[in-house]
Amino acid sequence: MSQRFIEQVVFDYDREPSRDILCMDCRSFYASVECADRGWDALTTELVVMSYPSDVPTKRGSGLILASSPAAKKAYNLNNVSRARDLPFPYPDSLQIVPPRMQLYMDMNRVINNIYKQFADDENHHVYSVDESFLDVTNTMHLFGADTAFDLARKIQIKVHQETGIYVAVGIGDNPLLAKLALDNEAKTQSHMKAEWRYQDVPNTIWQIDELTDFWGIGRRMARRLEARGIRSPYDLAHTNYYVLQECFGVIGTQLFAHSWGIDRTFLGETYQPKSKSIGNSQALPRDYTQEEEVRNIIKEMADQVGTRLRREGYQAQSLSLGLGYSIGYQDKDGRTSVRQQMKIPATHQSKALIEYFLQLFDWIYDGQIIRSVSVNTTNLIGDWWEQLDLFADQMEEDRRDALDTIVDKVRQKYGFSSLVYGNSLQAGSRAIERSQLIGGHAGGMSGIEGTPITKNL
DNA sequence: TCTGGGGTCCTAGGACCC
DNA sequence: TCTGGGGTCCTAGGACCC
C-alpha cells in the first residue's frame with residue numbers, strides 16, 4: 001500500500017507526441033468584429049458587446065457581457081464572459097456598448113476558418129469554439145515557404161488581418177495542450193501575439209505561471225481545493241505525488257498532473273473534435289412567472305425550438321432534462337433555489353413527443369414555485385438514421401407527426417421561426433416570438449445598425 | 001454570487017441483475 | 001434481509017470553459 005506512494009510518475013518526453021500544433025484565437029472576437037465592421041481601431045477602442053433586456057442599457061441592471069475589446073478589458077478589469085454589473089455605473093462616455101450580432105460573428109467565423117483551411121486539410125483543422133481553432137501544420141508548413149511553425153503562424157496572422165481586420169493570437173506547441181497554454185498565458189500579451197511552448201520549455205513556461213486559475217482546467221473551486229492541500233501553483237502541482245493527487249482528486253487529479261508537465265496525448269480529432277452531445281436552451285424570464293399555464297407555455301415553446309434544432313442537426317434525443325430556477329429569494333420546501341429533473345426517453349426528435357415528455361417532467365417537479373428561469377436540454381443524442389422499433393407505437397400517428405414537423409421546419413426555414421408558432425405563443429407570458437430572432441440565445445443582428453447589411457465587410 | 005447563454009466532462013449513489 | 005461481490009444503467013449534481 002505505502003509502496004506506491006513512494007514512487008512518482010515520470011514522463012519521457014521522447015515518447016510523447018511531438019507535432020507542430022497551432023492554437024488560433026481571434027482576439028476579443030465579437031468586439032473585434034464590431035470594431036472592424038464600424039471602422040474603429042480594435043486595439044484602442046473601449047467596446048463591450050452586451051446582451052441586455054431592454055432596448056437601451058440606460059439603467060443598471062442585468063445584462064451579459066459577451067465580449068470586450070482589449071482596451072475595455074484593461075480599463076474595467078473584465079474577463080471572458082462578465083456581467084453588466086462589473087462595469088462602473090453610470091456607464092463611462094468613453095465606453096461603447098453595442099448589442100450582439102450573432103449572425104455576423106458566425107459569418108466571420110466561417111470566413112476565418114476558410115482561411116485556416118488553406119493551410120491545413122480537414123483532418124488537421126479543428127474548430128474548438130466560435131473564436132478558437134487548432135491546426136496541425138507538421139506536414140504542411142513547408143508547402144507555404146515556412147521553415148518553422150512560428151513563421152507559418154505569422155503568415156496566417158497577416159492573411160487573416162488583411163482579409164478581415166481581425167487580429168489572431170497564436171499558441172504553438174508539441175501538442176494541443178501546450179499550444180493552448182502558450183496562447184492563454186503568453187501569446188495574448190506579446191506584441192506580435194505569438195508564443196511557442198515545447199516540452200523542454202515546461203520549467204520556464206508552465207511552471208512559471210503564478211496563479212492556479214490561470215492554468216487551463218482549473219477554476220476558482222478547484223484552485224481552492226488544491227490550495228487546501230498546499231498546492232498553490234502549476235509548479236507545485238507538477239511536484240506533488242501522482243498517486244496522492246489520484247487519491248484526493250480522482251481522474252481530474254491525474255489529468256492535472258499530466259497537464260502540469262505539458263503532457264497531452266490527444267491528437268486533433270479526438271477530444272478536440274466538437275461533437276454535439278447535447279442540445280438545449282435556457283432563458284431567464286423577463287419577470288417572475290407565477291401562473292402554471294404560463295410556465296407550461298414557455299416549456300412548450302422551448303421544447304419546440306430544441307426539436308427544430310435536433311432535426312436540423314440530424315439528431316434524436318434519448319434523454320431530457322428540465323430545470324427551473326426560482327425567483328430571487330424564493331426557496332422551495334427543501335430549501336433549494338432551483339430544481340432539475342431528467343429522464344430517459346425512447347429516441348425521438350419530434351416536437352410533439354418532446355413537448356409531452358418535458359411537460360411530464362414539469363408535472364413531476366412543479367409545485368407552485370415562483371419561476372424566473374427555465375432550461376430544457378436534450379442529451380444522449382444519436383443520429384437521425386437510427387429508428388427504434390417500438391411495438392406499441394402507432395405507426396400512422398408517428399408518420400403524421402414526422403410529416404408535420406417537416407412541413408413546419410420548411411415553413412420556418414423560409415419565412416422565419418415566428419411565422420409558425422403555437423397558438424399559446426400569442427398569449428401573455430410567451431417568449432417564442434421575441435426569442436425567435438435570437439441566435440445562441442443572443443440577438444442575431446438582423447435589425448443591424450441603421451439597416452447596415454450584416455455582411456458588409458465580408 | 002447575482003436572472004436575456006450554451007456547452008463538456010466527471011462522480012457519487014441508488015436500482016437492478018447475475 | 002442484515003456478513004457477498006461485481007457489473008451496468010440511470011439520475012443528480014458539481015466544476016469548468018468559451
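Within every chain, numbering begins at 1; the chains are lettered A, B, ... in the order of the sequence lines, protein sequences first and strands thereafter.
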- Message: Can you identify which nucleotide, out of B:dC10, C:dC10, B:dT3, has its nearest atom closest to the A:Arg372 side chain?
- Response: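 Ranking B:dC10, C:dC10, B:dT3 by closest atom to the A:Arg372 side chain puts B:dT3 first.
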- Task: Would you mind telling me which of C:dT11, B:dG5, B:dC10 lies closest to the side-chain atoms of A:Met343?
- Result: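 Nucleotide nearest to A:Met343's side chain: C:dT11.
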- Pair A:Asn380, A:Ser319: side-chain N/O donor-acceptor within cut-off below 3.5 Å: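 A:Ser319 and A:Asn380 do have a side-chain donor-acceptor pair below 3.5 Å.
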- Task: Compute whether any side-chain donor of one residue and acceptor of the other, for A:Arg311 and A:Ser351, lie under 3.5 angstrom apart.
- Result: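 There is such a pair (donor and acceptor under 3.5 Å, judged by atom type) between the side chains of A:Arg311 and A:Ser351.
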What integer distance in Å separates [X]:[atom1] from [N]:[atom2]?
X: A:Asn380; N: C:dC9; atom1: CG; atom2: P; result: 11 Å
X: A:Ile279; N: B:dG5; atom1: CD1; atom2: C1'; result: 15 Å
X: A:Lys344; N: C:dC9; atom1: NZ; atom2: C1'; result: 8 Å
X: A:Ile65; N: B:dC2; atom1: CD1; atom2: C1'; result: 13 Å
X: A:Leu381; N: B:dG6; atom1: CG; atom2: P; result: 15 Å
X: A:Gln331; N: B:dT1; atom1: CD; atom2: P; result: 16 Å
X: A:Gln305; N: B:dG5; atom1: CD; atom2: P; result: 11 Å
X: A:Asp332; N: C:dA12; atom1: CG; atom2: C1'; result: 15 Å

Could you tell me whether the phosphate oxygens of [N], OP1 or OP2, come under 4.0 Å of any side-chain nitrogen or oxygen in [X]?
X: A:Asn281; N: B:dG6; result: yes
X: A:Lys277; N: B:dC9; result: yes
X: A:Gln341; N: C:dT11; result: no
X: A:Ser278; N: B:dG6; result: no

More than 12 non-hydrogen atoms from neighbouring residues, nucleotides or ligands closer than 6.0 Å to [atom1] on [X], yes or no?
X: A:Tyr235; atom1: OH; answer: no
X: A:Met343; atom1: CE; answer: yes
X: A:Lys74; atom1: NZ; answer: no
X: A:Gln331; atom1: CD; answer: yes
X: A:Arg220; atom1: CZ; answer: no

Touch class at under 4.0 angstrom, heavy-atom based, for [X] against every strand present:
X: A:Ser373; answer: nothing
X: A:Gly440; answer: sugar-phosphate
X: A:Ser321; answer: nothing
X: A:Tyr326; answer: base
X: A:Leu285; answer: nothing

- What distance, rounded to whole Å, do you find between the two C1' atoms, one in C:dG14 and one in B:dT1?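 My reading of the C1' atoms in C:dG14 and B:dT1 gives 16 Å.
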- With P as the reference atom in both, quote the distance from B:dC2 to C:dG13 in angstrom, rounded to an integer.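 Each nucleotide's P atom is 16 Å from the other's.
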- Audit row: A:Leu78, A:Ser68, side-chain contact (heavy atoms from CB on, under 4.5 Å) steps and yes/no: CA-CA 7 Å; A:Leu78 304 169; A:Ser68 18; 3.7 Å; yes
- Query: Should the pair A:Arg27 and A:Tyr167 be classed as cation-pi, given the thresholds of under 6.0 Å to the six-membered ring centre and 45° from the axis?
  - Reply: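 A:Arg27 over A:Tyr167 ring: no.
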- Are A:Arg287 and A:Tyr289 in a cation-pi setup, meaning NZ or CZ lies under 6.0 angstrom from the ring centre and within 45 degrees of the ring axis?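 Flagged: A:Arg287 positioned over aromatic ring of A:Tyr289.
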- 5′-ward residue of the pair A:Val251/A:Leu66 relative to DNA chain B: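 This one resolves to A:Leu66.
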- Query: Mapping A:Ile252 and A:Ser282 onto DNA chain B by nearest heavy atom, which one lands closer to the 5' end?
  - Reply: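 Whichever sits nearer the 5' end wins; that is A:Ser282.
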- Under the 3.5 Å Watson-Crick or G-U criterion, the dot-bracket string of DNA chain B, with | for inter-strand pairs: ....||||||||||||||
- Message: So if I define the base as every atom that isn't primed, P, OP1 or OP2, how would nucleotides 13-18 of chain C read as a B/S/- string at a heavy-atom cutoff under 4.0 Å?
- Response: B-SSSB
- Task: Sequence neighbours left out, what passes side chain to side chain donor-acceptor pair (under 3.5 Å) with A:Asp20? Give chain and number order.
- Result: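 Scan of A:Asp20 (side chain to side chain donor-acceptor pair (under 3.5 Å), adjacent residues dropped) gives A:Arg198.
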